[in-house]
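Below: one structure, written as structure tokens.
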Amino acid sequence: MNLPDNAANPAGADRTFQVDLRGLVDLLSHHLYSSPRVYLRELMQNAVDALTARHRLEPDAPTGAFGVRLYADGSVVRVEDDGVGLTETDVHAFLATIGRSSKRAMGVPPDEPIRGWGKITEQRGDFIGQFGIGLLSCFLVADEIHVLSRSARTPDAPAVEWRGRGDGSYTVRTLPASARPRPGTTVTLTPRADAGEWTRPAQVHALARHFGSLLRHPVTFDDGTGGPGTAVNPEPAPWARTYPTPGARSRALAAYGEEVFGFTPLDTVELDLPAVGLKGIACVLPEAVPAGRRHGHRVHVKGMLLSEQAEEILPEWAFFVRCVVDAESLRPTASREALYEDDTLAAVRDALAGKLRAWIARAAASDPDLLNRFLQTHHLAVKSLAVHDDEILRMLLPWLPFETTDGHTTLDEFARTHRTVLVTSSVEEFRQVAAIASAAGLGVVNGGYTYDRELVHRLPEIRPEAAVADLDPATLTAHLDPVDRETELAAAAYLALARDALAVFDCDVALRTFQPASAPALLVDSREARHERTRSQLAREQEGGLWGDILGALRQEAPRAQLILNQLNPLVRTAVAIDEPELARTSAEALYGQAALLSRRPLRPAESSLINRSFLDLLAHALRKDS
């Protein structure tokens with residue numbers, strides 16, 4: 001920005017900003033646009049908007065009478081349209097004024113015509129561009145922009161030539177009408193040597209297809225080899241076509257989804273929001289994805305591709321679909337590569353969420369096979385939705401699979417077998433007790449996975465007769481049978497030695513009988529109990545210090561772990577009969593270590609050391625005995 005000389009502007013006089021065009025182009029290329037390739041999108045957008053204005057001016061013109069033609073032969077890139085064209089006044093007002101868009105003329109009320117390169121309309125929403133900076137993107141690939149235009153508003157209007165250069169200068173000439181026999185505009189670029197990547201004929205054609213495949217006006221491409229032009233958008237969007245049967249429509253939409261995203265959809269969901277002129281499809285992913293991973297969606301605005309990574313079009317929980325939509329009323333950001341977050345976008349997001357809920361409801365009501373395939377793949381996504389959506393909860397909770405002591409099954413089936421459904425707070429707790437709880441006839445659900453515990457506790461909302469409770473050690477041990485008095489007295493000495501050996505782990509030892517008999521021992525120890533014991537130990541170690549006072553204030557009676565030995569197991573019956581104290585202690589440590597390993601929880605260093613030591617001691621004892 002350069003300020004005028006003070007001599008030409010007396011003190012207190014108004015001054016105007018001066019723009020360094022090269023610096024502005026550099027700013028656009030590095031901070032607004034993601035790639036120089038957008039230059040072609042901006043030119044196509046201007047051309048399509050010009051056609052829209054021409055149809056407004058001549059509403060009786062047949063569909064397809066006006067179009068856009070692209071030309072690239074390696075030396076030039078040319079975009080020509082049959083749009084409304086420009087007058088000399090328009091050229092000075094819009095091509096040479098940065099930030100003034102012919103789509104939103106400054107100070108013009110919304111209900112008055114807006115005039116410019118290609119715009120005569122009563123509604124700005126008819127046009128894609130609105131920021132007045134699109135033409136500058138051409139300086140990303142060329143040092144000069146040549147525009148030749150003739151207005152359609154006046155039958156004998158002359159042609160106007162505008163040449164803009166990267167140094168900020170421009171020239172305007174009025175030419176005879178014969179210089180451009182028909183109304184419209186032609187923009188010609190002579191690419192710089194370093195811009196060949198974006199201006200080769202094949203690349204221009206590919207970019208035109210990429211950005212303009214869903215445009216409603218005919219667009220053709222010519223590579224200068226003398227052959228006929230190639231249609232960039234030969235067919236309308238797949239959801240805008242007619243099909244002989246619903247099945248044919250469904251297959252065509254699925255094929256389009258596969259072409260766009262590269263996977264065969266599990267199903268396709270048609271999206272239609274007439275209030276905002278949105279149409280498209282959501283493709284259900286055929287494979288599970290991590291919870292919370294959001295996919296980019298392909299969003300077109302009035303046929304022009306806006307973004308392939310528009311995450312904001314759907315809510316976070318809808319990570320099991322990818323969608324492609326074309327909308328009329330969504331607002332692009334200045335770069336036209338993302339959507340502007342406003343009330344309209346929020347309403348569209350909510351409405352599309354409703355479409356996905358409705359699809360799930362239809363599958364649940366009329367297509368159980370599809371529903372089962374969907375839930376097997378995306379049960380985590382549905383669980384995350386059910387936590388916050390009462391309608392989905394009521395509809396799908398009975399169908400959702402959970403890990404239980406009866407295997408992987410639905411809560412509906414599980415609740416028919418077990419009057420009281422017990423749920424663990426962690427995966428390790430479930431694995432620790434699953435086999436024994438199953439043998440004891442207890443119905444336990446693994447609540448350690450994301451959303452599962454919360455959903456299981458909501459089961460009574462669907463099945464009022466079902467009772468749900470958290471599993472605690474007392475519930476489990478109450479279902480283990482005590483041994484007879486004589487057996488307990490015979491094992492008393494061994495149990496005393498075992499308690500002494502395991503006191504360092506705050507672990508009690510008891511003798512019971514339970515199935516399966518192949519399980520020698522069960523370690524009952526909740527995560528909360530372990531945390532409380534760790535906190536108590538820290539308080540003891542910090543006795544007298546600041547942290548000791550804080551931890552001491554939080555200290556509660558730390559619940560002890562419990563190693564329950566199974567009298568039905570032959571190894572345990574042999575162990576409790578050992579009369580050699582050191583061997584008895586070692587066997588108790590080995591049983592504790594084996595039970596800790598079976599619980600599949602992380603081992604503390606002291607426990608790892610105990611497992612190694614007890615194994616080596618037992619091995620040494622066996623070798624001494626054999627020798």
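- The CD atom of Glu461 sits 6.5 Å away from the CG atom of Asp390 when rounded to the nearest 0.5 Å.
- Between Ala364 and Met395, the shortest heavy-atom distance links the atoms CB-CG, 4.1 Å.
- With sequence neighbours excluded, no residue forms a salt bridge (Lys or Arg N to Asp or Glu O under 4.0 Å) with Arg512.
- Around OH of Tyr243, the count of heavy atoms belonging to other residues, nucleotides or ligands within 6.0 Å exceeds 12.
- The environment of Tyr449 atom OH is dense: over 12 non-hydrogen atoms of other residues, nucleotides or ligands sit within 6.0 angstrom.
- In this structure, CG on Leu618 lies 6.0 Å from OG1 on Thr586, to the nearest 0.5 angstrom.
- Atoms CG and CG, on Leu380 and Leu385 in that order, are 11.5 Å from each other to the nearest 0.5 Å.
- Remark: Asp369 engages Arg373 in a salt bridge (Lys or Arg N to Asp or Glu O under 4.0 Å) (not counting sequence neighbours).
- Heavy atoms only, all atoms of each residue included: Glu312 and Arg349 are closest at O-NH1, 2.7 Å.
- Residues satisfying the salt bridge (Lys or Arg N to Asp or Glu O under 4.0 Å) test with Glu607, not counting sequence neighbours, are Arg601, Arg604.
- Counting only heavy atoms from C-beta outward, the side chains of Gln309 and Glu311 never approach each other to under 4.5 Å.
- Ion pairing of Asp412 with Arg463 is present here, as a side-chain N (NZ or NE/NH1/NH2) and a carboxylate O approach within less than 4.0 Å.
- The shortest heavy-atom contact between Ile462 and Pro398 is CG2-CG, 3.7 Å.
- For the pair Phe374/Ile360, a side-chain contact is recorded, criterion being any heavy-atom separation below 4.5 Å from C-beta on.
- Between the CG atom of Leu591 and the CD1 atom of Ile564 there is a distance of 13.5 Å, given to the nearest 0.5 Å.
- Within the 3.5 Å criterion, the main-chain N or O of Ala466 finds no donor-acceptor partner in the side chain of Arg419.
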May I have the step-by-step check of side chain to side chain contact (heavy atoms under 4.5 Å, CB included) for Leu330 and Leu306, ending in yes or no? CA-CA 10 Å; Leu330 295 179; Leu306 178 77; over 6 Å; no
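- Two residues are said to be in side-chain contact when any heavy atoms from C-beta on lie closer than 4.5 Å; Pro265 and Tyr256 fail this criterion.
- His378 contributes no side-chain N or O that, together with a main-chain N or O of Val321, makes up a donor-acceptor pair within less than 3.5 Å.
- Side-chain contact check for Arg331 versus Thr344: every heavy-atom pair is 4.5 Å or farther apart.
- Within a 6.0 Å sphere centred on CG of Asp343, heavy atoms belonging to other residues, nucleotides or ligands number 12 at most.
- Checked against a 6.0 Å centroid threshold, the rings of Phe414 and Phe402 do not count as neighbours.
- With contacts defined as side-chain heavy-atom distances shorter than 4.5 Å, the pair Thr405/Leu422 does not qualify.
- Of all heavy-atom pairs spanning Ser426 and Asn446, the tightest one is O-OD1, 3.7 Å.
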Let me have the donor-acceptor pairs involving side chains of residues 486-498, under 3.5 Å, with sequence neighbours excluded, atom names and distances please.
from: Thr487; atom 1: OG1; to: Asp484; atom 2: OD1; distance (Å): 2.9
from: Thr487; atom 1: OG1; to: Asp484; atom 2: OD2; distance (Å): 3.1
from: Tyr494; atom 1: OH; to: Ser587; atom 2: OG; distance (Å): 2.8
from: Tyr494; atom 1: OH; to: Ala588; atom 2: N; distance (Å): 3.4

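- Nearest heavy atom pair, residue Leu352 against residue Ile313, reads CD1-O, 3.6 Å.
- When atom types are taken as modelled, the side chain of Thr513 and the backbone of Leu568 share no donor-acceptor pair closer than 3.5 angstrom.
- His418 is not listed as a side-chain neighbour of Thr404, based on a closest heavy-atom distance of 4.5 Å or more.
- Side chain of Ser366 to main chain of Ala363: no donor-acceptor pair is present (N/O by atom type, distance under 3.5 Å, no hydrogens or angles).
- Of the charged side-chain nitrogens involved, none lies within less than 4.0 Å of a carboxylate oxygen, so that Arg431 and Glu403 do not count as a salt-bridged pair.
- The side chain to side chain contact (heavy atoms under 4.5 Å, CB included) test applied to Ala521 returns Leu563, Leu565, Ala595, not counting sequence neighbours.
- Within the 3.5 Å criterion, the main-chain N or O of Cys323 finds a donor-acceptor partner in the side chain of His297.
- Listed by chain and number, the residues in a side-chain hydrogen bond (donor to acceptor under 3.5 Å, both in side chains) with Arg394 amount to none (sequence neighbours excluded).
- By the 4.5 Å heavy-atom criterion applied to side chains, Pro401 and Gln376 are not counted as neighbours.
- With sequence neighbours excluded, the residues forming a salt bridge (Lys or Arg N to Asp or Glu O under 4.0 Å) with Asp389 are Arg357, listed by chain and number.
- For Asp452, the side-chain hydrogen bond (donor to acceptor under 3.5 Å, both in side chains) partners are Lys383, not counting sequence neighbours.
- When the side-chain hydrogen bond (donor to acceptor under 3.5 Å, both in side chains) test is applied to Asn569, no partner is found at least two apart in sequence or on another chain.
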Given the rule in the side chain to side chain contact (heavy atoms under 4.5 Å, CB included) test, do Glu582 and Asp617 qualify, once you have shown the distances and angles that lead to the verdict? CA-CA 10 Å; Glu582 286 304 317; Asp617 288 348; over 6 Å; no
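- For Glu454, there are no side-chain hydrogen bond (donor to acceptor under 3.5 Å, both in side chains) partners at least two apart in sequence or on another chain.
- The aromatic rings of Phe263 and Phe261 sit parallel, their planes meeting at an angle under 30°, below the 60° perpendicular limit.
- Taking every heavy atom of both residues into account, Phe430 and Val445 meet most closely at CD1-C, 4.0 Å.
- Taking the side chain as every heavy atom from C-beta outward, Leu305 and Leu214 never approach each other to under 4.5 Å.
- Heavy atoms of other residues, nucleotides or ligands lying less than 6.0 angstrom from CD of Glu465 number more than 12.
- Within the structure, the side chain to side chain donor-acceptor pair (under 3.5 Å) test picks out the following pairs touching residues 262-280 (sequence neighbours left out): Arg249-Glu270, Glu258-Thr264, Asp267-Trp359, Asp272-Lys279.
- At least one donor-acceptor pair closer than 3.5 Å links the side chain of Ser384 to the backbone N or O of Ala381.
- Put simply, CG on Leu502 and CZ on Arg585 are 8.5 Å apart, with the number rounded to the nearest 0.5 Å.
- One finds the CG atom of Leu266 at 6.0 Å from the CG atom of Leu370 (value rounded to the nearest 0.5 Å).
- In this structure, the side chain of Arg322 does not engage the main chain of Cys283 through any donor-acceptor pair within 3.5 Å.
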Working for side chain to side chain contact (heavy atoms under 4.5 Å, CB included), residues Val387 and Arg458: CA-CA 9 Å; Val387 166; Arg458 297 189 68 179; 5.5 Å; no
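- In this structure Glu413 satisfies the side chain to side chain contact (heavy atoms under 4.5 Å, CB included) test together with Thr409, Thr410, Arg416, sequence neighbours excluded.
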Where do Asp326 and Leu278 land on the side chain to side chain contact (heavy atoms under 4.5 Å, CB included) test, with the steps shown first? CA-CA 6 Å; Asp326 185 20; Leu278 182 146; over 6 Å; no
